[in-house]
*Asks:* 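Sending over a structure as structure tokens; questions will come in a sec.
Here the structure is a predicted model, which means the values were calculated and not measured. Here is how names work: the chains are called A, B, and so on, in the same order as the sequence lines, proteins then strands, and each is numbered from 1.
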Number of protein chains: 2
Amino acid sequence: MSIDPDLLREEALFASLGAAGRKAVAASANLRHLGAGVCAFAQGEPIDEIFLLLSGCLKLARISWGREAVILRIVHPGELFDLGHGPPPHRHDATASALRDSTLAVWPAASWQRLLREVPGLPLGLVQQLGLELAETQGRFLEIASLDVPRRLAHAVLRLIERAGRQEAGGMRIDFPLSQQDLAALTGTTLHNVSRILTRWERGGLITGGRRTLLVRDIPALTRLATAEA
Amino acid sequence: MSIDPDLLREEALFASLGAAGRKAVAASANLRHLGAGVCAFAQGEPIDEIFLLLSGCLKLARISWGREAVILRIVHPGELFDLGHGPPPHRHDATASALRDSTLAVWPAASWQRLLREVPGLPLGLVQQLGLELAETQGRFLEIASLDVPRRLAHAVLRLIERAGRQEAGGMRIDFPLSQQDLAALTGTTLHNVSRILTRWERGGLITGGRRTLLVRDIPALTRLATAEA
DNA sequence: CGTATTCTTGACTTATATCAATGTCGGTGG
DNA sequence: CCACCGACATTGATATAAGTCAAGAATACG
């Protein structure tokens, strides 16, 4: 029931904490490994742990009204997830599954509450994080509310590249396996539509597709496409 | 440069504060009145004040890529707004305009930062608020990503009724002027579509429309419509 | 090798945006 | 008080993006 405080040194969330604070926070955390495809938690389960992604990559997906799953967000290293709950009873409103092997820091909910009250600066870090997450969610809402599918997809891909792009000969590659189904769930469209658009882009030399992988060859062109007037 | 601490007593945001804390918070706040239609701030302006809506109603709208405005949220009394900013430079990412006469509590950004550091419990209240706002935004994202326009509209109307419904002979009325254009911007569709759907509902006896007003006569039916399988 | 994912592609349908025109209400000022 | 104007709402015709249905090909994996 304790992890190395140095693991937390880099995280923005704990930037406003002193060494003592970080030590206290680390003291009640556990490390957990998640193999690709494994769930950290599932929609509907009670919330009794708080998670911070240290390495790897997750998707937070939610199903409602019996429809296809929608991906609320992709979680990148350094981010807490499953904050932002509605009114009690507190249950996970989404399913978190690893897109690749990942490591998490995990706090029991009770300890986390205590830390929040006792470690000065921690709530402020949280406010910061939540603010960023809110801003991003609003941004995606705006996209889906006002742009057509190709443009939304372009935005989604660019965001992924920015957050998890690996430099490679010929372009930037999304550094984890992501199916076209996932891209569809991320942009609120269907697999078929994504496939068509991706093929078109591939013909145009913008990208090179593959099975659960994507290499972006021409970022400026994609950016133009994402924001073009018409 | 100070308002009555009792004004803040009811706000959930300050629930975890003692009387002393509330007094400190109230001490650096100002009251401000906004006539219907007036803006508290506009998209792009630097953020140098923090706002809490005490009474009335606002809309937070954002324009991007030269398209129609999208309403990010309707702000109801008791809510802070324009939290959740991205990385610096901090500028308002939306325009806040009053839908009816409103009163705000206003803090200079600097004072607010100081309060956040010095008043115990305040950051926690903020975390709570941000969590709720995030949950709602995610909910709306889910709707727009997976439901067709009539269902989205039903959800939007129901949410408005729940938050700002006034009991009336024959049903619940949305207690502030809201144009069909606004409803369209709220659900990511067009004025025309909203008009058609509303007339259909009116024929079905679900609602009674009017110029910038809406009376919901049959909430259960609308609810059914909002979530129906197909 | 064969089986299961993941992806591609085509034909078709439908929801929804767009274009265009008309109507109605409410406030303003003559 | 009436006439006018601007904001808001209704409605129809049309175009098109995107969803649905259906089938098949490519790739990974056991």
Side-chain angles (χ1 to χ4, degrees), chain A residues 35-37 59 65-70 97 99-100 143-154 156-157 174 176-204 207-215 225 228-230, chain B residues 35-37 59 65-70 97 99-100 143-154 156-157 174 176-204 207-215 225 228-230:
Chain A
K59 63 176 173 182
W65 310 293
R67 277 151 220 280
E68 294 264 308
V70 171
S97 51
L99 288 168
R100 52 180 303 183
E143 285 172 20
I144 204 173
S146 57
L147 300 180
D148 58 17
V149 176
R151 270 179 273 259
R152 294 192 322 243
L153 189 58
V157 169
I174 294 178
F176 52 84
L178 191 73
S179 70
Q180 301 193 355
Q181 177 65 59
D182 288 331
L183 277 172
L186 208 47
T187 46
T189 182
T190 62
L191 164 64
H192 310 276
N193 231 322
V194 170
S195 180
R196 281 181 233 277
I197 294 163
L198 254 34
T199 327
R200 186 164 3 119
W201 288 352
E202 187 149 13
R203 278 197 241 287
I207 61 165
T208 303
R211 213 181 164 70
R212 284 162 145 280
T213 185
L214 196 64
L215 176 71
L225 218 159
E229 185 62 33
Chain B
K59 64 175 174 184
W65 310 294
R67 275 152 223 278
E68 295 264 307
V70 171
S97 50
L99 288 167
R100 53 179 303 183
E143 284 171 20
I144 205 175
S146 57
L147 300 179
D148 58 19
V149 176
R151 271 179 271 260
R152 295 194 318 246
L153 189 57
V157 169
I174 295 179
F176 51 85
L178 192 73
S179 69
Q180 301 194 355
Q181 176 65 61
D182 288 331
L183 278 173
L186 207 46
T187 46
T189 183
T190 61
L191 163 64
H192 309 276
N193 231 322
V194 170
S195 180
R196 280 181 234 276
I197 293 164
L198 253 35
T199 22
R200 187 166 359 121
W201 288 352
E202 187 150 11
R203 278 196 241 287
I207 61 164
T208 304
R211 212 182 166 69
R212 284 161 145 288
T213 185
L214 195 63
L215 176 71
L225 219 159
E229 184 62 33

*Asks:* Nearest to the side chain of R196(A), which nucleotide is it out of dT10(D), dA18(D), dT20(D)?
*Replies:*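 Comparing dT10(D), dA18(D), dT20(D) against the side chain of R196(A), the answer is dT20(D).
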*Asks:* Taking 4.0 Å as the cut-off, does a side-chain nitrogen or oxygen of Q180(B) come that near to OP1 or OP2 on dA7(D)?
*Replies:*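 Looking at the OP1 and OP2 atoms of dA7(D), neither is under 4.0 Å from any side-chain N or O of Q180(B).
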*Asks:* Taking atom P of dA18(D) as reference, at what distance in whole Å does atom CZ of R152(A) sit?
*Replies:* 7 Å
*Asks:* Out of dA26(D), dT10(D), dT8(C), which has the shortest distance to the side chain of R211(A)?
*Replies:*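 Within the option list, the nearest is dA26(D).
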*Asks:* With a 3.5 Å cut-off and heavy atoms only, can you find an N or O donor on one side and an acceptor on the other between the side chain of H192(B) and the base of dT11(D)?
*Replies:* yes
*Asks:* Whole-Å distance between dT10(D) C1' and L191(B) CG?
*Replies:*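 Going from CG in L191(B) over to C1' in dT10(D) covers 9 Å.
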*Asks:* Taking only the side-chain heavy atoms of S195(A) (C-beta and beyond), determine which of dT27(D), dT8(C), dA9(D) contains the nearest atom.
*Replies:* dT8(C)
*Asks:* Check whether more than 12 heavy atoms from other residues, nucleotides or ligands sit under 6.0 Å from atom CD of Q181(B), and answer yes or no.
*Replies:* yes
*Asks:* Side-chain N or O of T190(A) versus OP1/OP2 of dG19(D): is the shortest distance under 4.0 Å?
*Replies:*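 For dG19(D), OP1/OP2 do have a side-chain N/O of T190(A) under 4.0 Å.
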*Asks:* If I take atom CG in residue D148(B) and atom P in nucleotide dT14(C), what distance separates them, rounded to the nearest angstrom?
*Replies:* 14 Å
*Asks:* Kindly say if T189(B) contacts the phosphate of dA17(C), meaning a side-chain N or O under 4.0 Å from OP1 or OP2.
*Replies:* yes
*Asks:* Is any side-chain N or O of R212(A) under 3.5 Å from a base N or O of dT6(C), one able to act as donor and the other as acceptor?
*Replies:*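 There is none.
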*Asks:* Tell me the interatomic distance from Q181(A), atom CD, to dG19(D), atom P, rounded to whole angstroms.
*Replies:*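 Those two atoms, CD and P, are 12 Å apart.
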*Asks:* Please report the distance, rounded to the nearest Å, between CG in L214(B) and P in dT10(D).
*Replies:*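 So the CG-P distance, L214(B) to dT10(D), works out to 10 Å.
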*Asks:* Rounded to the Å, how far apart are I144(B) CD1 and dA18(D) P?
*Replies:* 13 Å
*Asks:* Given 3.5 Å as the limit, does a donor-acceptor pair link the side chain of S195(B) with the main chain of L191(B), or not?
*Replies:* no
*Asks:* I want to confirm an ordering. Mapping L178(B) and I197(A) to their closest nucleotides on DNA chain D, which one lands closer to the 5' end?
*Replies:*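 Its nearest nucleotide lies further toward 5', so the answer is L178(B).
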*Asks:* Should we count CD of E68(A) as having more than 12 external heavy atoms under 6.0 Å?
*Replies:* no
*Asks:* So, the side chain of D148(B) versus the backbone of R151(B): is there a donor-acceptor pair under 3.5 Å, distance only?
*Replies:* yes
*Asks:* Quick one: is N193(A) getting a side-chain N or O under 4.0 Å of the dG19(D) phosphate, OP1 or OP2?
*Replies:* yes
*Asks:* Could you check L198(B), L147(B), T189(B) and say which one makes a side chain to side chain contact (heavy atoms under 4.5 Å, CB included) with L153(B)?
*Replies:* L198(B)
*Asks:* Expressed in angstrom and rounded to an integer, what is the separation of L183(B) atom CG from dA9(D) atom P?
*Replies:* 9 Å
*Asks:* Just how far, in rounded Å, is P of dT14(C) from CG of L147(B)?
*Replies:*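 Taking CG of L147(B) and P of dT14(C), I get 20 Å after rounding.
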*Asks:* May I ask you to say what P177(A) touches in the nucleic acid, namely base, sugar-phosphate or nothing, with a heavy-atom cut-off under 4.0 Å?
*Replies:*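 The answer is nothing, as P177(A) stays clear of every strand by at least 4.0 Å.
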